[in-house]
Amino acid sequence: MADTAAPANGFALAETIDRFRRSSEFVVIPVLALIASGLLFSIFLLLVGKSPVEFFSLVWRGGFGTAFSWQNTLVRASPLILTALCVAIPARLGMTVIGGEGALVLGGFAAAAIAIPMTSWASPFVVMPVMFLAAAIAGAFWIGAVGWLRHYRGINETISSLLLFYIAVSILNFFVEGALRDPSDPNKPSTAPIGAENMIGPIPGTSVHWGLAAGIVACILVWILMNRTTFGFAARVTGGNVRAAQGQGLPVGRLVVISCALAGACAGLAGYFEVAAIHGKANASLIAGYGFTGILVSFLARHNPLAIVPVAILLGGIAASGGLVQRRMDLPDATVLVLQGLMFVVLLVSETMYGRLAIFKPKGA
Amino acid sequence: MSATAAALAEPPVSPLGAKKAIGLETIGMTKIFGSMVALGDVSIKVKPGSFHALLGENGAGKSTLVKCIMGFYQPTRGSVLIDGRETEISNPKVARDVGIGMVYQHFTLVPSLTATENLVIARADVPSVIDWKKEKKSLDALFDRMPFRVPLDVPVSSLAAGEKQKLEILKQLYLDQRFLILDEPTSVLTPGEADEILGLLKTMTDAGDLTILMISHKFREVTAFADEFSVLRKGEYMGGGVTANVSVAEMSRMMIGDMKLRERAARKTFEKQPVVLDLAGICAEDDEGLPAVDAVNLKIRAGEIVGIAGVSGNGQSELIETLTGQRDLTSGRFFVKDQPYEPSREKMAKFKVFGLPEEPLKNACVRRMTVAENLAFRSFDQPPISKRRGFLSPGPMRAKAKELIAAYRVKTPGPDEPIENLSGGNVQRAVLARELSTQVEVLIVANPCFGLDFASIAEIRSQIMDQRNGGAAVLLVSEDLDEILELSDRVAVMSEGRIDYVAPIGETDRATIGQAMAGHH
Ligand SMILES: Nc1ncnc2c1ncn2[C@@H]1O[C@H](COP(=O)(O)OP(=O)(O)OP(=O)(O)O)[C@@H](O)[C@H]1O
Ligand SMILES: [Mg+2]
């Protein structure tokens, strides 16, 4: 309270400290939530008779301990980054879109479906960008429709995006088990391969594909879009108070649809990279839950595009260690899902803590 | 607290008079937000059974003081004495348990529930199974002893503003609170309703059943009802006393010092001016889809203020919302300077259409965004804030904000403060700064002076008059007939969604307008 006694010169410093206190809240609370969910999960492990210490050290080794595990982690992080953006962008407009998985599935399918007839005659320089665009457009269309339904028909975006996910899966299955099924593949119903020459390779010197770079670039672009452009400003006004946005003549419907379409394009691209960098064809492997984990990533990052990258890497690491945990500790595959679920619940609880903890309040408050 | 808990466990229908009014004192109350002293060492004393007014200009710290008393804020320093005993009120629940209740400026009732339901769920001891029959009976018994009644069985959303405010007060009485804090309780009421409610509360304080601490900007109410008053200025206690012994001029000097009130700009006379804003057959529906605005025709010339009078809820807010883009037209058209107009951003900028909506925090601001950002709502897509198309520079945005904050004397810790932390009056000033800082050709104003102190009211009314004298066409909707009579060149009366009476200000009077408001003319 020294600054209240001698206010004049202490102001600038006090102001900086205050601003720091307030913003540190956005880091400390999610971190505490992570720690708390770790503790809860330890109790769960103890209850099933396993050692939490062993679990977390395996997660460390499987996710971050070696160069190999890092690469494994980053491969899983890249679709998470892109699907998290599919949640974070609409969140700026006050919408909770949870159907990123649908846009991913459809994007991946569109990329494969458009590439297959082209493989025989077009060069990879044509096929690759066409696939990329097809995936982005399919995703944009899918989530853009969610925005359209929300604004012009008043349909809840959370529900509609979830239902559209099921429709996307049905579309994939319909073609993969029917018209586009590759008869030479006896195992899993899949499309024909897109051909090795149309696959996108790893970032040189690593085994991590370009999706990671694309995801990071997308995060930076979205950050710039939301914080340094008039579009982002208008989106924030709309998300904060629709009545105020209308009173300023902002095109609310257009902002909603475009933001949702951008979000869907990001998730669609996640599907593109899954097909073009990993599977080489479209099949049910696309439905790997990245879209749903992306929701968790975006919430943990408080919908901040720049925070999405580290959070996606953290969760990518946990996922990457799943196999090791399964083998060493004789725990089922779903164990890491339990951890993720706990994290999500604790995180949602922690949302209510903002503005309540005294240490983050400006002095005297 | 166990004693009060036990008292609450009994049905809270203890007849008025069983308990006594509470006296309350604050000692050295201090509240600091960041580096801003909102309240500095304020000690006031409210005697039991008195009607005490708390005065001060916008941002003086009145709301902060009562929020500290209620346990909404933790004071930086200072304490509260209740009936002479120091009592720590750590949160509003504790305040309720010791018998202190507050009526906020904005309604806190659940709109979809009836009055009975609202009252019963507000209790501290709501049983898990509610015997509505019994509750209703005990409520009826209670209301027989109450100074006023409201319909108990209809949803609160269908009550008029005055009835809602009565119900808010009844709720506190039902909870058996013996110290009531009212934060600008009459800003949503007509003078008649205000007199009725305050008069009835005054009989309760006179009987020693209740103590009232009322924040008000209206001297008329203060001199008519308050026994004593205290004045805050810039967070400090400036003095107080017995209302009967102090003149209004004296009180206002305590509030604002020797600052001169802004002189009202003289009304400039214009020769025949062109029509600027033309409302042609406007129809619109309310939120329930019922017709609310019924074929309104109105032409407003440059340099003219047309005031729309009417009892609230007769379609005025819906009409304003159609003009500001917050409500769709069901039929009709707008024209500005003979060209079709619809409230899109491009047309607003092209025709220089601006607005001062009522309840600015709800209608014109984003709470969580900073003051600087809120001030940029009009200009963020134009230079200098957006130099290259589509991009935004925070530097010029802050610079512009600092300029506006200084020019319009918005009291804020800085441009980066979330606007929700500003006092009610200062939010209004910020919106005024945003909307009136460039050339204005059409100005749409709704109840611009709700919750403002007298100095700010003088300021805002002269700003509106300045815009008119500068050639703007002004549409003013106000529930305050004095305001309409003071500012308008022509008066229109809206009743049941229609405007059937329009007259130049010189050819009408209060009585005629009153009749038109009631639907006869
Ligand atoms: N939560 C908060 N954080 C930061 N500053 C605040 C907060 N609440 C109030 N203030 C500041 O404290 C000052 C006093 O505000 P307060 O709301 O008490 O004024 P008031 O006297 O009630 O004014 P009005 O008549 O306009 O309602 C204001 O300048 C306001 O900006
Ligand atoms: Mg106030």
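First the proteins, then the strands, lettered A, B, ... as listed; each starts at 1. Everything numeric here is computed off the predicted structure, so don't read it as measured data.
Contacts with chain A were tallied for B:Val353, B:Thr30, B:Ile385, B:Asn363; B:Asn363 has the most, counting heavy-atom pairs under 4.5 Å. Ranking B:Pro343, B:Ser393, B:Gly355, B:Cys365 against chain A, the residue ahead of the rest is B:Cys365, based on heavy-atom pairs under 4.5 Å. Chain A forms more heavy-atom pairs under 4.5 Å with one residue of B:Gly40, B:Ala38, B:Gly390, B:Ser386 than with any other, namely B:Gly390. Contact tally against chain A (heavy-atom pairs below 4.5 Å) for B:Arg388, B:Arg327, B:Lys362, B:Arg367: the top residue is B:Lys362.
Two residues are said to be in side-chain contact when any heavy atoms from C-beta on lie closer than 4.5 Å; B:Met369 and A:Val237 meet this criterion. At least one side-chain heavy atom of B:Glu373 sits under 4.5 Å from a side-chain heavy atom of A:Arg236. Counting heavy atoms from C-beta on, the side chains of A:Leu250 and B:Arg345 come closer than 4.5 Å.
Both the backbone and the side chain of A:Ala234 come within less than 4.5 Å of a heavy atom in chain B. The contact between B:Leu361 and chain A is made entirely by backbone atoms, counting heavy-atom distances below 4.5 Å. Proximity to chain A (any heavy atom under 4.5 Å) is restricted, for B:Glu435, to the side chain, taken from C-beta onward. Only the side chain of B:Pro394 comes within less than 4.5 Å of a heavy atom of chain A; its backbone N, CA, C and O stay farther away.
For CZ of B:Phe391, the number of neighbouring non-hydrogen atoms (other residues, nucleotides, ligands) closer than 6.0 Å is 12 at most. The neighbour count for B:Phe351 CZ, taken as heavy atoms of other residues, nucleotides or ligands under 6.0 Å away, is above 12. Sparse packing is recorded around CZ of B:Phe72, with 12 or fewer heavy atoms of other residues, nucleotides or ligands lying under 6.0 Å away. Atom NZ of B:Lys347 has more than 12 heavy atoms from other residues, nucleotides or ligands within 6.0 Å. Other residues, nucleotides and ligands place more than 12 heavy atoms under 6.0 Å from the NZ atom of B:Lys411.
The closest donor-acceptor contact from the side chain of A:Arg243 to the backbone of B:Ala364 lies at 3.5 Å or more, if one exists at all.
Note on ring orientation: taking the six-membered ring where Trp is involved, the planes of A:Phe233 and B:Phe377 are perpendicular (angle over 60°, cut-offs 30° and 60°).
Of all non-hydrogen atoms in A:Gln248 and B:Arg378, the two that sit nearest each other are OE1-NE, 3.4 Å.
Scanning residues 212-230 of chain A against chain B with a 4.5 Å heavy-atom cutoff picks out A:Ile224, A:Asn227, A:Arg228, A:Thr229, A:Thr230, ordered by number.
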